[in-house]
Amino acid sequence: MIREQEDQAWMRLAIEEAKKAEQIGEVPIGAILVKDGEIVGRGYNLREINHDPTAHAEMVAIREACERLGAWRLLDCTLYVTLEPCPMCAGAIVQSRVKRVVYGTGDPKAGCAGTLMNLLQEPRFNHETELTSGILQTECAELLTNFFRNLRNKRKL
Ligand SMILES: [Zn+2]
């Protein structure tokens, strides 16, 4: 399989995580961590339910992977996430030494993997990730636009 097809297949699983968030009224953002062709961590946004501003999909997936692998370093892992990481998650990605990040759609308000700044590839830090963007961009973006449209419609009623 060429890498883009492989990336799309994993991103579909991150989208499944995002849909779990949507089902419980959370903003639909999902993430998975893959090591050696196997999922070692998964997560979706739980900010509202957990009353936790740090419960972003990436943070949840990173915590699960570290627990599962018994390590704080995620050296050979690839993180797939539907939305471009924010500064907090980009920080956690660098701290956990994730090898590669693949995201779906950019975030003009908080994206720190190339949109507002690029914390994942900052040569002054002690770790830089490989980075791929725009995988299943339309699907990932539509999740969010549909969610916010529905929310607005509900509020009108
Ligand atoms: Zn984040």
Side-chain angles (χ1 to χ4, degrees), residues 4-35 37-69 71-72 74 77-120 129 131-157:
E4 188 170 346
Q5 287 172 330
E6 205 179 312
D7 283 345
Q8 288 176 357
W10 290 120
M11 188 61 80
R12 286 203 179 87
L13 298 176
I15 288 172
E16 290 309 307
E17 293 300 311
K19 286 179 179 167
K20 291 181 194 170
E22 185 169 33
Q23 278 163 11
I24 54 172
E26 296 274 0
V27 178
I29 303 161
I32 59 166
L33 270 156
V34 175
K35 185 183 183 183
E38 199 187 322
I39 295 179
V40 292
R42 55 181 92 214
Y44 51 89
N45 181 30
L46 286 167
R47 192 170 56 179
E48 302 290 341
I49 284 177
N50 286 6
H51 305 294
D52 181 357
T54 74
H56 287 189
E58 302 96 309
M59 303 293 284
V60 176
I62 286 170
R63 283 200 187 100
E64 186 179 295
C66 288
E67 197 166 315
R68 177 151 171 191
L69 299 171
W72 60 266
L74 300 174
C77 294
T78 298
L79 176 81
Y80 293 87
V81 58
T82 57
L83 181 67
E84 182 181 0
C86 75
M88 171 184 68
C89 294
I93 288 163
V94 171
Q95 290 301 322
S96 57
R97 314 284 193 265
V98 168
K99 185 180 181 197
R100 180 170 175 245
V101 172
V102 180
Y103 71 81
T105 194
D107 184 353
K109 288 184 181 163
C112 282
T115 296
L116 299 181
M117 59 186 83
N118 189 348
L119 295 176
L120 298 182
T129 74
L131 182 59
T132 303
S133 60
I135 297 293
L136 300 184
Q137 193 270 334
T138 310
E139 289 90 328
C140 292
E142 275 176 357
L143 273 174
L144 293 163
T145 49
N146 291 341
F147 175 82
F148 287 113
R149 187 186 303 129
N150 291 339
L151 204 64
R152 278 194 300 273
N153 290 341
K154 271 184 211 152
R155 280 186 186 146
K156 272 182 213 155
L157 287 173

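Numbering of residues begins at 1 and proceeds along the displayed sequence. In this text, all values refer to a predicted model and were calculated from it rather than measured experimentally.
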J.: Atom CG of Leu83 and atom CD1 of Ile29: how far apart are they, to the nearest 0.5 Å?
T.: 5.0 Å
J.: Side chain to side chain donor-acceptor pair (under 3.5 Å) with Asn118: which residues, sequence neighbours excluded?
T.: Gln121
J.: Search all heavy atoms of Cys112 against all heavy atoms of Ala90 and return the closest pair with its distance.
T.: O-CB, 4.1 Å
J.: Search all heavy atoms of Pro85 against all heavy atoms of Cys89 and return the closest pair with its distance.
T.: CB-CB, 4.2 Å
J.: Rounded at 0.5 Å granularity, tell me how far CD in Gln8 sits from OH in Tyr80.
T.: 10.5 Å
J.: Could you tell me which residues satisfy side chain to side chain donor-acceptor pair (under 3.5 Å) with Ser133, sequence neighbours excluded, listed by chain and number?
T.: none
J.: Show me the pairs that pass salt bridge (charged side-chain N to carboxylate O under 4.0 Å, His left out) and involve residues 47-58, at least two apart or across chains.
T.: none
J.: Taking distance alone, no hydrogens or angles, what donor-acceptor pairs closer than 3.5 Å link side-chain atoms of residues 135-150 to residues at least two apart or in another chain?
T.:
| from | atom 1 | to | atom 2 | distance (Å) |
| --- | --- | --- | --- | --- |
| Gln137 | NE2 | Thr105 | OG1 | 2.8 |
| Thr145 | OG1 | Ala141 | O | 3.2 |
| Thr145 | OG1 | Glu142 | O | 3.2 |
| Asn146 | OD1 | Arg149 | NH1 | 3.0 |
| Asn146 | ND2 | Glu142 | O | 3.2 |
| Asn150 | ND2 | Asn146 | O | 3.3 |

J.: Looking at Gly30, is its backbone amide N or carbonyl O close enough to the side chain of Thr82 to form a donor-acceptor pair, meaning the two atoms are under 3.5 Å apart?
T.: yes
J.: Using every non-hydrogen atom in the two residues, find where Leu131 and Ala113 come nearest and quote the distance to one decimal.
T.: CD2-O, 3.5 Å
J.: Return yes when atom CD of Glu4 has more than 12 non-hydrogen atoms of other residues, nucleotides or ligands closer than 6.0 Å, and no otherwise.
T.: no
J.: Name all residues meeting the side-chain contact (heavy atoms from CB on, under 4.5 Å) criterion together with Cys66; count only those two or more places apart in sequence or in a different chain, and write none if there are none.
T.: Ile62, Leu74
J.: Using the side chain to side chain contact (heavy atoms under 4.5 Å, CB included) rule, take Cys77 and Leu69 through it: C-alpha gap first, then chi angles, then the decisive distance, then the call.
T.: CA-CA 11 Å; Cys77 294; Leu69 299 171; 4.2 Å; yes
J.: Using 0.5 Å steps for rounding, measure from the CZ atom of Arg155 to the CG atom of Leu151.
T.: 4.5 Å
J.: Do you know the tightest heavy-atom contact between Ala65 and Leu33?
T.: CB-CD1, 3.7 Å
J.: If you measure from CE on Met11 to CD1 on Ile32, what distance do you get to the nearest 0.5 Å?
T.: 8.5 Å
J.: With sequence neighbours excluded, give me every salt bridge (charged side-chain N to carboxylate O under 4.0 Å, His left out) pair touching residues 89-100.
T.: Asp7-Arg100
J.: Go through the structure and list residues passing side chain to side chain donor-acceptor pair (under 3.5 Å) with Glu38, not counting sequence neighbours.
T.: Arg68
J.: In chain order, what residues pass the side-chain contact (heavy atoms from CB on, under 4.5 Å) check against Met88, with sequence neighbours excluded?
T.: Thr54, His56, Met59, Cys86
J.: Quick one: list whatever passes side chain to side chain donor-acceptor pair (under 3.5 Å) with Lys20, sequence neighbours left out.
T.: Glu17
J.: State, yes or no, whether a side-chain contact exists between Leu119 and Ile93 at a heavy-atom distance under 4.5 Å.
T.: no
J.: For Ile24, give me all partners under side-chain contact (heavy atoms from CB on, under 4.5 Å), at least two apart in sequence or on another chain.
T.: Glu26, Tyr44, Leu46, Ile49
